[in-house]
Amino acid sequence: MASAARVALVTGGNSGIGAAIARRLAHRGDAVAVVGRRGALCDAVAASITSAGGDCLAIEEDLADSLAAARIVAAVRERWGRLDTMVNNAAIIKNLPIAELTVELMDAHYAVNVRAPFLLTQAAIPLLAAAGNASIVNISSSSGSLSIPGQSAYGFTKAAIEYMTRSYAAELAPMGIRVNCIAPGPIDTPIHLTWAADMETAYRALRDATPLGLIGQPDDIARWVDYLTASDEHYVTGAILHIDAGQTLNGWASAIADAASDVGASGPTEAARPRA
């Protein structure tokens with residue numbers, strides 16, 4: 001078992017926001033476990049961290065598997081014997097009208113976006129409680145606060161994550177575990193390549209969906225994770241932080257659908273994918 005000053009676990013850490021979080025936490029000196037379904041990408045992120053002098057463990061797991069959480073926490077325990085920070089970032093998103101959603105697709109969203117953070121939190125409680133001033137950060141989405149046609153499956157899971165954050169913050173506080181949530185708006189990540197052939201038009205629509213007219217970068221989210229999980233931060237828990245260029249301000253929900261209809265990919269349900 002290797003020794004480490006502080007240890008962080010990041011799900012969905014193989015690309016986009018998760019990779020940025022993993023690299024930022026490693027840069028401040030944390031040992032980091034990077035979890036993702038695509039092993040080669042996890043290995044690449046881990047290699048970039050270790051080549052910079054950091055300590056990183058790549059864990060290939062599919063969080064849709066209900067047994068994955070126990071294996072992940074066991075791997076962290078075996079490697080470092082402690083856990084100070086857990087970031088529940090992994091998620092899936094498939095936009096479809098309600099009439100076209102299947103039970104299988106709804107279950108898939110729930111399994112990864114809600115059940116996995118629950119199981120990971122449950123499995124990690126002993127390590128987090130032993131660490132002292134430990135921290136969980138759940139990554140939600142602006143979709144959890146907006147009414148976007150076609151995003152019901154994804155949106156309800158993100159709303160659930162925000163309730164989970166508040167509930168767990170109250171329950172775990174006596175154990176010295178803080179629980180917070182970040183809800184990103186449009187972020188420049190590879191996920192947009194999965195639904196738009198014309199990225200210039202797609203990104204213009206995403207910018208138009210925010211009052212500031214901006215698309216964020218993965219590190220715009222990572223720096224807030226860094227703050228919330230810092231060793232000298234001890235007062236913030238139960239917070240839902242909307243880091244979204246104002247996307248969730250009143251009156252902007254309709255702008256998302258209006259802007260989306262101009263993208264031409266597959267209609268307004270596909271144009272507001274908020275994050276990777």
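Being a predicted model, the structure only gives us computed values, none of them experimental.
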Considering non-hydrogen atoms only, spot the tightest contact between Leu63 and Val112 and give its length.
C-CG2, 4.4 Å
Hey, is the main chain of Lys94 close enough, under 3.5 Å, to the side chain of His109 for a donor-acceptor pair?
yes
Side chain to side chain contact (heavy atoms under 4.5 Å, CB included) evaluation trace for Asn88 with Thr121:
CA-CA 9 Å; Asn88 290 308; Thr121 299; 3.9 Å; yes
List the atom of Ile98, the atom of Ser152, and the distance in Å for their closest heavy-atom pair.
CG1-OG, 4.0 Å
Any side-chain heavy atom of Met86 sitting closer than 4.5 Å to one from Pro117?
no
Lys/Arg N to Asp/Glu carboxylate O, Arg23 vs Asp219, below 4.0 Å
no
Do Tyr163 and Val236 sit in the same hydrophobic cluster, where Ile, Leu, Val, Met, Phe, Trp and Tyr count as joined when their side-chain heavy atoms come under 4.5 Å apart?
no
How long is the gap from OH on Tyr154 to CG on Asn113, to the nearest 0.5 Å?
7.0 Å
Side-chain heavy atoms nearer than 4.5 Å, only ILVMFWY residues, links allowed to pass through others: does that put Ile187 and Trp224 together?
yes
Once you round to the nearest 0.5 Å, how far does OG of Ser66 lie from CZ of Phe118?
10.5 Å
Taking all non-hydrogen atoms of both residues into account, name the closest pair between Lys158 and Ser141 and its distance.
CG-CB, 3.8 Å
Counting distance only, does the side-chain N/O of Asn14 pair as donor-acceptor with the main-chain N or O of Val34 below 3.5 Å?
no
Measure across Ser145 and Thr248 and return the closest heavy-atom pair with its distance rounded to 0.1 Å.
CB-CG2, 4.0 Å
State, yes or no, whether a side-chain contact exists between Ile72 and Leu120 at a heavy-atom distance under 4.5 Å.
yes
If only atom types and distance count, is the side chain of Arg28 paired as donor or acceptor with the main-chain N or O of Asp226 below 3.5 Å?
yes
Write down the atom of Ala20, the atom of Pro218, and the distance for their closest heavy-atom approach.
CB-CB, 3.5 Å
Within the 4.5 Å heavy-atom criterion, are Thr210 and Pro186 side-chain neighbours or not?
yes
Tested for side-chain contact (heavy atoms from CB on, under 4.5 Å) against Ile21, the lone hit among Thr85, Ile182, Val87 is Val87
From Leu83 atom CG to Arg6 atom CZ, the distance as rounded to the nearest 0.5 Å
10.0 Å
Should Ile17 and Thr189 count as side-chain neighbours, where that means a heavy-atom distance under 4.5 Å?
yes
Step-by-step side chain to side chain contact (heavy atoms under 4.5 Å, CB included) determination, Thr229 to Val137
CA-CA 8 Å; Thr229 64; Val137 177; 3.6 Å; yes
Pairwise side-chain contact, Ser140 with Ile240, heavy-atom cut-off 4.5 Å (strictly under)
no
Decide, yes or no, whether a salt bridge links Arg37 with Glu61 under the criterion of side-chain N to carboxylate O below 4.0 Å.
no
Donor-acceptor check, side chain of Thr11 to backbone of Asn89, threshold 3.5 angstrom: yes or no?
yes
Determine whether a donor-acceptor pair (N or O, by modelled atom type, separation under 3.5 Å) exists between the side chain of Asp220 and the backbone of Gln217.
yes
Test item: Ser167 side-chain N/O and Met164 main-chain N/O as donor-acceptor pair under 3.5 Å:
no
Residue pair Asp30 / Val7, side-chain heavy-atom distance below 4.5 Å
no
Any donor-acceptor N or O pair under 3.5 Å, side chains Thr157, Arg115:
no
To the nearest 0.5 Å, how far apart are CD1 in Ile177 and CG in Leu172?
5.0 Å
Please tell me whether Tyr168 and Asn138 have a donor and an acceptor in their side chains that are separated by less than 3.5 angstrom.
no
Tell me yes or no: between the side chains of Asp55 and Trp80, is some donor less than 3.5 Å from an acceptor?
yes
Just by modelled atom types, is the Ala239 backbone N or O under 3.5 Å from a matching donor or acceptor in the Asn180 side chain?
yes
Would you indicate whether the side-chain heavy atoms of Ile59 and Cys42 approach each other to under 4.5 Å?
no
For Glu171, does the CD atom sit with more than 12 other heavy atoms under 6.0 Å from it, leaving out its own atoms?
no
Evaluation steps, side chain to side chain contact (heavy atoms under 4.5 Å, CB included), between Val35 and Val10:
CA-CA 6 Å; Val35 180; Val10 182; over 6 Å; no
Hey, does the side chain of Asn133 reach the backbone of Glu233 with a donor-acceptor pair shorter than 3.5 angstrom?
yes
Are any of the side-chain heavy atoms of Ile136 and Arg178 separated by less than 4.5 Å?
no
Drop me the distance from Ile139's CD1 to Ile243's CD1, to the nearest 0.5 angstrom.
9.5 Å
Same apolar cluster: Ile92 and Phe156, side chain cutoff 4.5 Å:
no
Where is the tightest heavy-atom contact between Gln247 and Ala209, given as atom of each residue plus distance?
CG-O, 3.6 Å
Between Asp188 and Tyr203, does the side chain to side chain contact (heavy atoms under 4.5 Å, CB included) criterion hold? Intermediate values first, please.
CA-CA 9 Å; Asp188 181 14; Tyr203 271 39; 2.6 Å; yes
